[in-house]
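Here is how names work: the chains are called A, B, and so on, in the same order as the sequence lines, proteins then strands, and each is numbered from 1. Here the structure is a predicted model, which is why all the values come from computation and not from measurement. Just so it is clear, the values below take in all heavy atoms, side chains as well, and ignore hydrogens, waters and symmetry mates.
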Protein chains: 2
Amino acid sequence: MDSDDDSPFGYDAFQRTCPSHTVLEMLASKWVYLVVCALRRGRMRNGELARKLEGITPKMLTQTLRVLERDGLVRREVFPVIPPRVEYELTGLGRNLAGLLIQIRSWAEEHAPDIKEARARATEHQDA
Amino acid sequence: MDSDDDSPFGYDAFQRTCPSHTVLEMLASKWVYLVVCALRRGRMRNGELARKLEGITPKMLTQTLRVLERDGLVRREVFPVIPPRVEYELTGLGRNLAGLLIQIRSWAEEHAPDIKEARARATEHQDA
DNA sequence: ATCATCACTATCCATAAGGTACCTATATAT
DNA sequence: ATATATAGGTACCTTATGGATAGTGATGAT
C-alpha cells in the first residue's frame, strides 16, 4: 500500500518510456512465456526447444530467442562445429523474469475460473 | 520452489485453455493496464476516464471497458437519466488483478534499466 | 550421388488490433 | 434555431503480428 499511487501516469501515459509498458509488451509476445519457462530447466539447444514447444515454427523460435537475447534475458552460445551447435540459457535477469512469470501463472490459475464464469454469464445474457 | 515445474505445458501448450494464456492475453491489450489502474481510485464515469487516460479514443475506452466487464473485472452501472450517466468500478476480482499489476509494475521499474542497457549494447554491436 | 541433420533465413499472406472519422439520441443553455 | 454535453456506435483503413512455406550451407551416412 505504498506504491499504491497512480504512477503509470507519471511516465508519459504508457508511451514507450513506461517500464510497465516495456515489460507487458514482452510478455504479450505469444512465445516469450513458454520459451522462458522451458529454459528454466537449464541450457538447451534450438532443436530441444523446438521439440519441447510443439507447434512453434523455426522462425518464431529464432525470432523469440533473438528478442530475449537483445533484452538481456537469454544468453546465446555458438560452438563453431559442423553441424552447428547453439545453446541457450537464461541470464540472471531471465531467471528473475521467470519468477515474475510464476507469480502471474499462480494468479492466473487461482482466478481463471472466476473469469470463465463471468464470460459464461456474459454470453448467456447476450443470447437471451 | 514448489510450483516450480514446467506446468504451462500441462495445459495444451498454451492454447486457449491455459489460464496463463488467458491472463497474459488480457494484459497484452494496450489499455487494460491503464484502465484498471485508473479505476483503483474508485468509481468513475466514462468522461472522467477519458480525461485521465489522455490519448485513448472513445472507441478503445468503450471496447476495453466492455471486455473488462465481460470478464468480471469491472461493474457497469447505468443511470436512466438525460444526459446519460454511466459509472464504472472495479469488482473484487478487478481489485485483485490490480494487485498483480502492481507487482508487475514494481518488477518493471526495478529491472527496466537492465533491459534498456542490454538493448543499448545490442544496437551498439549491430552498428559496429 | 543423394539425402538427412542442424540452425537458421527470407519471403509471402492472413488475421487482428488499434486508430480515424463520423453517426446516434436527448435535454439544457443561448 | 443552434450549440453543447453525455455516452456511446459504426464503417473503414493501416499496421503489426504470427504462421506457412521454401531455401541456405556444410558434412556425414547410405
Side-chain angles (χ1 to χ4, degrees), chain A residues 12-16 18 21-36 38-39 43-71 74-89 126, chain B residues 12-16 18 21-35 38-39 43-71 74-89 122 126:
Chain A
D12 56 293
F14 217 47
Q15 300 313 307
R16 321 282 149 230
C18 170
H21 186 236
T22 305
V23 171
L24 286 174
E25 211 175 31
M26 266 185 22
L27 302 184
S29 159
K30 188 175 176 188
W31 296 100
V32 162
Y33 170 84
L34 288 172
V35 169
V36 171
L39 283 176
R43 44 168 50 209
M44 248 184 263
R45 302 182 59 179
N46 184 309
E48 294 177 78
L49 279 168
R51 278 184 291 276
K52 202 166 177 65
L53 281 61
E54 52 173 323
I56 198 172
T57 59
K59 176 196 155 188
M60 290 312 298
L61 179 53
T62 298
Q63 191 173 302
T64 304
L65 286 168
R66 288 284 135 67
V67 170
L68 292 175
E69 190 194 2
R70 182 202 63 183
D71 290 355
V74 160
R75 192 173 302 116
R76 178 169 185 265
E77 190 176 357
V78 184
F79 298 84
V81 296
I82 301 274
R85 174 184 188 86
V86 181
E87 288 183 358
Y88 297 93
E89 64 177 339
Q126 100 184 28
Chain B
D12 57 290
F14 217 48
Q15 300 311 309
R16 322 282 148 230
C18 170
H21 186 236
T22 304
V23 171
L24 287 174
E25 211 174 31
M26 267 186 20
L27 302 184
S29 160
K30 189 176 175 186
W31 295 101
V32 163
Y33 170 83
L34 287 171
V35 169
L39 282 175
R43 44 169 49 209
M44 249 183 263
R45 302 181 59 179
N46 184 308
E48 295 177 78
L49 279 168
R51 278 183 292 276
K52 202 166 177 66
L53 282 61
E54 52 174 323
I56 197 171
T57 59
K59 174 194 157 189
M60 288 315 297
L61 179 53
T62 298
Q63 190 173 303
T64 304
L65 286 167
R66 288 285 136 71
V67 169
L68 291 175
E69 191 194 2
R70 182 203 63 183
D71 289 355
V74 159
R75 192 173 302 116
R76 178 170 185 266
E77 190 176 356
V78 183
F79 299 85
V81 298
I82 299 273
R85 174 185 188 86
V86 181
E87 289 182 358
Y88 297 93
E89 64 177 339
Q126 101 185 25

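You'll find the side chain of A/Val67 reaches within 4.5 Å of the side chain of A/Arg70, heavy atoms only. Side-chain contact between B/Leu65 and B/Leu49: present, with at least one pair of heavy atoms (C-beta onward) separated by less than 4.5 Å. Annotation: side chain of B/Val86 is not in contact with side chain of B/Asn46 (no heavy-atom distance under 4.5 Å). With a 4.5 Å cut-off on side-chain heavy atoms, B/Glu77 and B/Arg43 count as touching.
Note: CE (B/Met44) to C1' (D/dT6) measures 17 Å, nearest angstrom. The OH atom of B/Tyr33 sits 17 Å away from the P atom of C/dG18 (whole-angstrom rounding). Per the geometry, CD belonging to A/Glu48 stands 16 Å off C1' belonging to C/dC8, to the nearest Å. Taking atom CD of A/Glu77 as the reference point, atom C1' of C/dC8 lies 18 Å away to the nearest angstrom. One interatomic measurement links the two molecules: CD of B/Glu87 to C1' of D/dG8, which rounds to 16 Å at whole-angstrom precision. Note: NZ (A/Lys30) to P (C/dA17) measures 13 Å, nearest angstrom. Rounded to whole angstrom, the span from the CG atom of B/Leu49 across to the C1' atom of D/dA7 amounts to 12 Å.
Considering only side-chain N and O atoms, A/Arg45 lies under 4.0 angstrom from the phosphate OP1 or OP2 of C/dA7. Taking 4.0 angstrom as the limit, B/Arg76 places a side-chain polar atom (N or O) nearer than this to OP1 or OP2 of D/dG8. The shortest distance between the side-chain N/O atoms of A/Asn46 and the OP1/OP2 oxygens of C/dC6 is not below 4.0 Å.
In the region residues 56-69 of chain A, proximity to DNA chain C at under 4.0 angstrom, judged on heavy atoms, holds for A/Pro58, A/Lys59, A/Thr62, A/Arg66.
Axis orientation changes by 30° from one end of the helix from C/dA1-D/dT30 to C/dT30-D/dA1 to the other, with each end axis drawn from 5 pairs and the value rounded to 10°.
Heavy atoms only, all atoms of each residue included: A/Tyr88 and A/Val74 are closest at CD2-CG1, 3.9 Å. Shortest non-hydrogen contact noted between B/Pro84 and B/Arg45 is O-NH2, 3.5 Å. When all heavy atoms of A/Ala38 and A/Lys52 are compared, the pair lying nearest together is CB-CD, 4.1 Å. When all heavy atoms of A/Leu34 and A/Leu53 are compared, the closest pair comes out as CB-CD2, 4.1 Å. Taking every heavy atom of both residues into account, B/Leu39 and B/Met44 meet most closely at CD2-CB, 3.9 Å.
At the heavy-atom level, A/Tyr88 lies under 4.0 Å from the strands shown only through sugar-phosphate atoms.
Between A/Gly55 and A/Ile82, it is A/Gly55 whose nearest contact on DNA chain D lies nearer the 5' terminus.
Residue B/Val86 places its side chain closer to D/dG8 than to any other of C/dG18, D/dA5, D/dG8.
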